[in-house]
There are 2 protein chains.
Amino acid sequence: MRADAERNRERVLAAARDLFAEQGLDASTNEIARRAGVGVATLFRRFPTRDDLVGAVFADRMSAYVTATDEALADPDPWHGFCGYIERVCRMQADDRGFADVLTLTFPTANALEDDRNRAAEALGVLLDRAKESGQLRQDFTHQDVPLILMANAGVVTATRNAAPDAWKRLVGFLIQAFAAEAAQPLPEPPTPRQMYRALMRLSD
Amino acid sequence: MRADAERNRERVLAAARDLFAEQGLDASTNEIARRAGVGVATLFRRFPTRDDLVGAVFADRMSAYVTATDEALADPDPWHGFCGYIERVCRMQADDRGFADVLTLTFPTANALEDDRNRAAEALGVLLDRAKESGQLRQDFTHQDVPLILMANAGVVTATRNAAPDAWKRLVGFLIQAFAAEAAQPLPEPPTPRQMYRALMRLSD
DNA sequence: GAGCAAGTGGAACATCTATTCCACATCGCT
DNA sequence: AGCGATGTGGAATAGATGTTCCACTTGCTC
């Protein structure tokens, strides 16, 4: 790849990163190209589809997301690790509107991100089991509750990011107290893994 | 108003109600007109701005929202009344995607709805005070937490309505357990009323 | 049943997208 | 320095959208 081409590629990525963070995943390609100081054609040759661009932009953030589970597992206190994980992931959504979209919407993201997502899911299982065994996380908490939290947090973050940027912390505060084993009362059934997968894909049934 | 005009007005309202419920507030006007079996001009003469249409469509649902606080107040058990209120309102969001938008977004709704919203806010204050006095609702629960719940629920409902239509019940289950006085641990500060107002208006600061 | 105000449909306009195309410019190897 | 592959910008296409316009139709009054 020619040096100038590589330079432009980076400029597009930087502009897309900024715009996705500000406006969410539906920032327009023309605007991204304009902000990057390149023509739209340049953008489209490097990233033939929107997914390619989204994938490239969020690749590092996605690996930070995966790393978050690892760091949570490194915490000697299972409950503290679990709470820290939830807070950290929700903060990532609050800090980047585009990333909030990526995390709650599988479909428009590049396949490259799928591997990361799956690895994170695996580590998460261990994190939850450990926190339950320690007796601090309620037994009926399931894997599917995590994307549920992310969807709820995304709703708050989307609505409040300008006017009340810390509002999400309050929601997360409430939720974490609800996840404590001592507070546990019977709950409605969680969605099935298949339902949650399809919800993330925005499919029916 | 001519009889046929009145008939068409009703048809537009019915079509808009259906489409808003299915697709949210951003259903297209052309599609609404098509579904109503009238020309777009007919729609625009009756409802010159989008707000007028939205206001007319959700007027009755909005009064049901106001009525919900009254019914909650009629419940002899303050805590049961409070929980019933939260569930009922979240269910209204789950049943009508457009209404979920209306409740968490002040701006695009007609001014006619503002009065209802304010009346509901007043009754809600009484409901919360009563539940706190009974010792069942945590003391640090504030007025602003209600729209926060609605925003979170809107996030879940939007993502899961097709694939896991009952997922919101699980979120609400968690939240209600967090609202119980006995579970109360210190929490981050709630947004201020002004912040929440501005968040609903999607303004900055 | 005649006349006209009121109402109508759909084409047209203005804007916004994502994406494609191509005449021209530039890079970097020789 | 020269030349071809590589890369470029921005105009153009194609498809949305909300909204306006206007020639035609209809309901209602007299």
Side-chain angles (χ1 to χ4, degrees), chain A residues 1-58 97-98 101-102 105 107-111 158 202, chain B residues 1-58 97-98 101-102 105 107-111 158 202:
Chain A
M1 176 137 66
R2 242 163 65 174
D4 56 340
E6 176 60 28
R7 207 163 44 236
N8 281 333
R9 187 176 181 279
E10 292 306 324
R11 289 214 274 165
V12 168
L13 274 178
R17 191 151 30 228
D18 288 354
L19 273 169
F20 284 152
E22 286 168 28
Q23 306 178 10
L25 235 40
D26 43 3
S28 90
T29 46
N30 282 22
E31 175 69 11
I32 291 170
R34 207 190 54 72
R35 177 92 70 113
V38 306
V40 273
T42 302
L43 187 158
F44 275 97
R45 188 159 350 81
R46 270 340 131 201
F47 309 100
T49 73
R50 208 164 211 299
D51 277 12
D52 294 325
L53 180 56
V54 171
V57 165
F58 290 105
R97 181 159 166 201
D101 293 347
V102 168
L105 195 66
F107 171 68
T109 68
N111 288 336
T158 303
R202 296 290 194 277
Chain B
M1 177 133 69
R2 240 162 68 171
D4 57 340
E6 176 60 29
R7 205 163 46 236
N8 281 333
R9 185 175 182 281
E10 292 305 324
R11 289 213 273 166
V12 168
L13 273 178
R17 189 150 31 228
D18 288 355
L19 273 169
F20 284 152
E22 285 168 29
Q23 306 180 8
L25 234 40
D26 43 4
S28 89
T29 46
N30 282 22
E31 175 68 11
I32 292 170
R34 207 190 52 72
R35 177 93 70 114
V38 306
V40 271
T42 302
L43 187 159
F44 276 97
R45 187 156 352 82
R46 272 337 133 202
F47 309 100
T49 74
R50 204 154 216 295
D51 277 12
D52 294 325
L53 180 57
V54 171
V57 164
F58 290 106
R97 180 159 168 203
D101 293 346
V102 169
L105 194 66
F107 170 67
T109 66
N111 288 336
T158 303
R202 295 292 194 277

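Values below: every heavy atom of this structure, side chains too, minus hydrogens, waters and symmetry copies. To find a chain, count down the sequence lines: A is the first, B the second, and so on, and within it residues start at 1.
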Nearest-neighbour nucleotide for the [X] side chain, [options] considered:
{"X": "A:Arg50", "options": "D:dT8, C:dG7, C:dA18", "value": "C:dA18"}
{"X": "B:Ala41", "options": "D:dG10, C:dG9, C:dA18", "value": "C:dG9"}
{"X": "A:Val38", "options": "C:dA18, D:dG7, D:dG9", "value": "D:dG9"}
{"X": "B:Arg2", "options": "C:dG9, D:dC28, D:dG18", "value": "D:dC28"}
{"X": "A:Ala5", "options": "C:dG10, D:dA11, D:dT8", "value": "D:dT8"}
{"X": "B:Val40", "options": "C:dG9, C:dA11, C:dA18", "value": "C:dA11"}

Most 5' of B:Arg7 and B:Ala27 on DNA chain D, judged by nearest nucleotide: B:Ala27
Along DNA chain D (nearest heavy atom to each residue), the more 5'-positioned of B:Asp4 and B:Arg45: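 Final value for this comparison: B:Arg45.
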Should [X] be listed as having a side-chain N or O under 4.0 Å from OP1 or OP2 of [N]?
{"X": "A:Arg46", "N": "D:dT8", "result": "yes"}
{"X": "A:Thr42", "N": "D:dG7", "result": "no"}
{"X": "A:Ser28", "N": "C:dC16", "result": "no"}

Send over the distance from [X] [atom1] to [N] [atom2], rounded to a whole Å.
{"X": "B:Leu43", "N": "C:dG10", "atom1": "CG", "atom2": "C1'", "answer": "14 Å"}
{"X": "B:Asp26", "N": "C:dC16", "atom1": "CG", "atom2": "C1'", "answer": "15 Å"}
{"X": "B:Gln23", "N": "D:dT17", "atom1": "CD", "atom2": "P", "answer": "9 Å"}
{"X": "A:Asn8", "N": "C:dA25", "atom1": "CG", "atom2": "P", "answer": "17 Å"}
{"X": "A:Phe44", "N": "D:dG7", "atom1": "CZ", "atom2": "C1'", "answer": "17 Å"}

Whether A:Asp52 side chain and A:Thr49 backbone form a donor-acceptor pair below 3.5 Å: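 Yes; judged by distance alone, with no hydrogens or angles, the pair exists.
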Any donor-acceptor pair under 3.5 Å from A:Arg50 side chain to A:Leu25 backbone: yes
Presence of salt bridge, A:Glu31 and A:Arg34, under 4.0 angstrom: yes
Pairs satisfying ring-ring contact (aromatic ring centres under 6.0 Å, His included), at least one member in residues 31-51 of chain A, at least two apart: none
Any pair counted as ring-ring contact (aromatic ring centres under 6.0 Å, His included), so long as it reaches residues 5-36 of chain B, sequence neighbours left out: B:Phe20-B:Phe58
Touch class at under 4.0 angstrom, heavy-atom based, for B:Ala33 against every strand present: nothing
Whichever of B:Glu6 and B:Asn30 has its nearest DNA chain C nucleotide further upstream toward 5': B:Glu6
